[in-house]
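Scroll down for the structure; my scribbles are underneath it.
Keep in mind that the numbers below use all heavy atoms, side chains included, and drop hydrogens, waters and symmetry copies. We count ligands from 1, going down the list as the structure has it; atoms in each ligand are counted the same way. From a predicted model like this one, the values you see are computed outputs, not experimental measurements.
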Amino acid sequence: MQDLKDKVAVITGGGSGLGRELALCCAARGMKLLLGDVDEAGIQETLRLVEERAPGTESTTMRLDVSRLEQVQAFAELCKTRFGTAHLLFNNAGVSVNGPIWENTQADWDWVLGVNLYGVVWGIKTFTPMMLEQGEGHIVNVASAAGWLNGPSAGIYNVSKCSVVAMSETLALDLRDAGSEKIGVSVLCPAFFPTGIADSQRNRPADKADTIERNEIAEKRAQALKYAVEHGRIPASDVAEMTLKAVEDDQFYIFPHRKIKQLIAMRAAAADQEKDVFDSMNPQ
Ligand SMILES: NC(=O)c1ccc[n+]([C@@H]2O[C@H](COP(=O)([O-])OP(=O)(O)OC[C@H]3O[C@@H](n4cnc5c(N)ncnc54)[C@H](O)[C@@H]3O)[C@@H](O)[C@H]2O)c1
């Protein structure tokens, strides 16, 4: 979708990190904004920054838990009432937990898959028909390098992000089958970059609070993850800008960190050899 001016951007997880930067990039292009997040203070701060950098941007917000279909439906209704339709959807909200996969609790699985997997499922299910009706639109699903590389101590997150890659590829093919070439799809697959993702527990709901006691290895992995996120070389603002350019160029795969593509090729080579598991932290 090339001309984004005056079009409507819908962003989940718009109260922090990448979602906030996507909102700023969309506002800079003259788009109208619908922002949803469980963190209401976070979306208010995003709105403040939008108003500061792109005064007069038309924006609406809603407290939204993407894991709940009825809330995503209410979000879409709000979009129709306020703006008439949606043109660009970012299924961006995401959370993570660590720990050896056999120790993760049912609450860990329910929480992370609820946000990272079902959040995207409900976003696609609810907003695609609106785009089909108007014959135009673009959906960006935020996956991760973890959707291809499966590092240790992040089993649930890896599963959720592999699913987002699979869902995005299938969505693009299904839209092509339906003759809807004017609805674009992109899957964003970044490596680590500085945001609040390593501190996801801050927005964890009380009814999904039960989690593992971290042992020494899991604690080390969690600290390493936090360090990697904080020291990511590409800022969230650049990841957001690359994503908007990819939408304008109708690009499906988005890898802001070029090294990830080399690692994916190495993983394919490891699979071809049918021997040892591929370790992206220590590639051979
Ligand atoms: N930062 C990284 O290193 C990195 C790398 C690859 C992919 N990603 C992905 O980028 C996306 C954005 O995350 P981020 O890095 O900006 O982290 P972040 O923690 O800064 O932002 C995530 C936002 O999602 C919101 N959120 C959490 N649960 C929600 C729910 N149930 N409903 C609605 N909103 C909810 C949070 O409140 C927060 O505002 C995620 O999908 C994440 O997996 C991040």
Side-chain angles (χ1 to χ4, degrees), residues 10-25 34-47 61-72 74-75 90-98 110-123 140-151 154 156-165 167-168 186-208 224-240 242-243 254-257 260 280:
V10 178
I11 305 171
T12 69
S16 175
L18 179 63
R20 175 170 293 161
E21 297 300 333
L22 288 168
L24 290 169
C25 285
L34 175 65
L35 308 178
D37 202 301
V38 285
D39 180 352
E40 290 176 279
I43 359 183
Q44 289 313 314
E45 175 58 11
T46 302
L47 276 191
T61 66
M62 180 179 141
R63 190 199 182 278
L64 167 72
D65 178 349
V66 292
S67 69
R68 308 276 297 273
L69 174 59
E70 73 283 3
Q71 291 194 22
V72 181
F75 192 53
F90 295 95
N91 285 313
N92 165 72
V95 293
S96 75
V97 289
N98 298 107
D110 287 348
W111 178 48
V112 178
L113 292 190
V115 180
N116 296 10
L117 171 56
Y118 279 94
V120 181
V121 174
W122 302 146
V140 177
N141 294 326
V142 181
S144 167
W148 304 81
L149 296 173
N150 302 313
I156 310 178
Y157 187 80
N158 295 339
V159 167
S160 73
K161 295 301 184 179
C162 290
S163 306
V164 174
V165 174
M167 226 186 315
S168 305
S186 301
V187 60
L188 174 63
C189 308
F192 300 118
F193 61 97
T195 66
I197 193 79
D199 187 24
S200 293
Q201 299 283 339
R202 72 191 188 284
N203 291 326
R204 186 165 176 161
D207 65 337
K208 300 203 177 75
L225 168 77
K226 201 168 165 48
Y227 183 90
V229 168
E230 283 168 2
H231 292 81
R233 292 218 188 109
I234 304 183
S237 53
D238 285 7
V239 175
M242 287 178 206
T243 306
I254 314 172
F255 290 103
H257 303 80
I260 297 307
S280 59

Report task. Please work out whether the ring planes of His231 and Tyr227 are parallel, tilted or perpendicular, with thresholds of 30° and 60°. Result -> parallel
Requested in this report: Would you tell me which option among Ile197, Ile260, Val66 has the nearest heavy-atom contact to atom 32 (N) of ligand 1?
Outcome: Val66
Query - Residue list, ring-ring contact (aromatic ring centres under 6.0 Å, His included) with Trp111, at least two apart or on another chain - result: none
**Report entry** Ser160 versus Val112, closest heavy-atom pair with distance
**Finding:** OG-CG1, 4.4 Å
Requested in this report: Check whether any side-chain N or O of Arg20 sits under 3.5 Å from a backbone N or O of Gly15 as a donor-acceptor pair, and report yes or no.
Outcome: yes
Query raised in the report: Which of the atoms of ligand 1 are close to Val95, meaning less than 4.0 Å from one of its heavy atoms?
Result: 27 (C), 28 (N)
Query raised in the report: Which residue supplies the protein heavy atom nearest to atom 30 (C) of ligand 1, what is that atom called, and how far is it?
Result: Val38 CG1, 3.6 Å
Report task. If you have a sec, work out which protein heavy atom is nearest atom 24 (O) of ligand 1 and how many Å separate them, to one decimal? Result -> Gly13 CA, 3.6 Å
Report task. Could you name the option among Thr195, Thr12, Asn203 that has the heavy atom nearest to atom 36 (C) of ligand 1? Result -> Asn203
Requested in this report: Starting from atom 22 (C) of ligand 1, locate the nearest protein heavy atom and write down its residue, its atom name and how far away it is, to 0.1 Å.
Outcome: Gly94 O, 3.8 Å
Query raised in the report: So how far is it from Asn92 CG to Thr12 OG1, rounded to the nearest 0.5 Å?
Result: 5.0 Å
Query raised in the report: Hey, does Pro190 sit under 4.0 Å from ligand 1 if you only count heavy atoms?
Result: yes
Query raised in the report: Are the side chain of Thr46 and the backbone of Gly14 linked by a donor-acceptor contact shorter than 3.5 Å?
Result: yes
Query raised in the report: Of the non-hydrogen atoms in Trp148 and Cys189, which two are nearest, and what is the gap between them?
Result: NE1-SG, 3.3 Å
Query raised in the report: Any heavy atom of Ala143 sitting closer than 4.0 Å to ligand 1?
Result: yes
Report task. Return the option from Tyr157, Phe193, Phe192 holding the heavy atom at the smallest distance from atom 43 (O) of ligand 1. Result -> Tyr157
Report task. With sequence neighbours excluded, tell me which residues meet salt bridge (charged side-chain N to carboxylate O under 4.0 Å, His left out) with Arg202. Result -> none
**Report entry** Lys161 near ligand 1 by a heavy-atom separation under 4.0 Å
**Finding:** yes
Query raised in the report: Any N or O of Asp65 that comes nearer than 3.5 Å to an N or O of ligand 1?
Result: yes
Query raised in the report: CG of Leu225 to OG of Ser96: how many Å apart, nearest 0.5 Å?
Result: 5.5 Å
Report task. Could you see which bit of Ala191 sits under 4.0 Å from ligand 1, with heavy atoms only: side chain, backbone, both or neither? Result -> backbone
**Report entry** Atom indices of ligand 1 within 4.0 angstrom of Asp39 heavy atoms, with elements
**Finding:** 37 (O)
Query - Residue pair Ser168 / Asn141, side-chain donor-acceptor N/O under 3.5 Å - result: yes
Report summary line: Going by the 4.0 angstrom heavy-atom rule, the piece of Val115 near ligand 1 is side chain
Report summary line: Heavy-atom proximity to atom 11 (C) of ligand 1, picking from Leu18, Asn92, Asp37, points to Asn92
**Report entry** is_close_aromatic(Trp122, Phe75), centroid dist under 6.0 Å
**Finding:** no
Query raised in the report: Which protein non-hydrogen atom lies closest to atom 33 (C) of ligand 1, naming both residue and atom, and how far is it?
Result: Leu64 O, 3.1 Å
**Report entry** Protein contact to atom 20 (O) of ligand 1 [nearest heavy atom, distance to 0.1 Å]
**Finding:** Ser16 OG, 2.6 Å
Query - Nearest neighbour in protein (non-hydrogen) for atom 19 (O) of ligand 1 - result: Arg202 NH2, 3.0 Å
Query raised in the report: Considering all heavy atoms of both residues, which atom of Asn116 and which atom of Val164 are nearest to each other, and what is their separation?
Result: O-CG2, 3.5 Å
Query - Enumerated ligand 1 atoms positioned under 4.0 Å from heavy atoms of Gly17 - result: 16 (O), 20 (O)
Report summary line: For atom 10 (O) of ligand 1, the closest protein heavy atom turns out to be Val142 CG1, 3.4 Å
